Amino acid sequence: MKITLPELKQTVVDRLVIESVDLSLYIAHAVIDGEQRLIAKRNGSTLKTKNLLEMKKALKVVPAAPMVLLQRSSYDEMCGQGFTPADNAMEVTLGPGYESLPPWMNS
């Protein structure tokens, strides 16, 4: 299920998850009441950026939600190890969006 940025301004968000999908592609999800929703632009298309700072700037409109970066590793596949049922995702805490931007991006 999707939620747009304007709808997020009106919603209490448990946390924001920025997922590193590819080398330089980021998409974001909002966790609301335990349910993860894909964040979309006003026109309904998926919010995606090519760097982390752009994504954090787009999400600074969300009031005081904790933010994490989610990175999944493809190491096991690359070195020929079989599929393991364990999730090898790493989460890095980024703090609230409005605090984690450099001062020159807060204008």
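The model shown is predicted, which means the values in this text are computed figures rather than measured ones.
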Inset, instruction - Examine Val62 and Val12 and state if one hydrophobic cluster contains both, with Ile, Leu, Val, Met, Phe, Trp and Tyr joined whenever side-chain heavy atoms are less than 4.5 Å apart. - result: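 No, Val62 does not connect to Val12 through the hydrophobic network.
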Inset, instruction - Evaluate salt bridge (Lys or Arg N to Asp or Glu O under 4.0 Å) for Glu91 paired with Arg15, printing each intermediate quantity in order. - result: CA-CA 12 Å; Glu91 277 191 12; Arg15 76 182 195 151; 2.9 Å; yes
Inset, instruction - Examine Leu38 and Leu59 and state if one hydrophobic cluster contains both, with Ile, Leu, Val, Met, Phe, Trp and Tyr joined whenever side-chain heavy atoms are less than 4.5 Å apart. - result: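 No, because Leu38 and Leu59 fall into different hydrophobic clusters, even though each may have its own neighbours under 4.5 Å.
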Legend entry - Residue pair Ala58 / Leu5: nearest heavy atoms and the distance that separates them: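 Residues Ala58 and Leu5, closest heavy atoms: O-CD2, 3.9 Å.
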Inset, instruction - Could you grab the distance from atom NE2 of His29 to atom CD1 of Ile18, nearest 0.5 Å is fine? - result: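 Here the rounded value is 10.5 Å.
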Legend entry - Interatomic distance, Met67 atom CE to Leu16 atom CG [nearest 0.5 angstrom]: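 It is 5.0 Å, given to the nearest 0.5 Å.
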Legend entry - From CD (Gln71) to OH (Tyr26), nearest 0.5 Å: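 Here the interatomic distance stands at 7.5 Å.
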Inset, instruction - May I ask whether Val61 and Leu8 are part of the same hydrophobic cluster, defined by side-chain heavy atoms of I, L, V, M, F, W, Y residues being less than 4.5 angstrom apart, directly or through others? - result: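 Shared cluster, yes.
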Inset, instruction - Give the minimum heavy-atom separation between Thr93 and Val68, together with the two atoms involved. - result: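 Closest pair (atom of Thr93, atom of Val68, distance): CA-CG1, 4.1 Å.
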Legend entry - Thr11 OG1 to Arg37 CZ distance, which is reported to the nearest 0.5 Å: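 These two atoms lie 7.5 Å from each other.
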Legend entry - Flag, side chain of Lys2 to backbone of Gly44, donor-acceptor distance under 3.5 Å: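 Checked: pair present.
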Legend entry - Glu7 side chain to Thr4 backbone, donor-acceptor under 3.5 Å: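 Flag set: sc Glu7 to bb Thr4 pair under 3.5 Å.
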Legend entry - Lys48 backbone acceptor or donor facing Thr46 side chain under 3.5 Å: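 Looks like no, no N/O pair under 3.5 Å.
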Legend entry - Ile39 side, atom CD1; Ile27 side, atom CD1 - distance, nearest 0.5 Å: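 CD1 of Ile27 is found 10.0 Å from CD1 of Ile39.
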Inset, instruction - Identify the two heavy atoms, one from Leu53 and one from Asn51, that lie closest to each other, and give their separation to 0.1 Å. - result: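 Of all heavy-atom pairs spanning Leu53 and Asn51, the closest is N-OD1, 3.1 Å.
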Inset, instruction - Please round to the nearest 0.5 Å and tell me the distance separating atom CD of Gln36 and atom CD1 of Ile3. - result: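 If we round to the nearest 0.5 Å, Gln36:CD and Ile3:CD1 are 12.5 Å apart.
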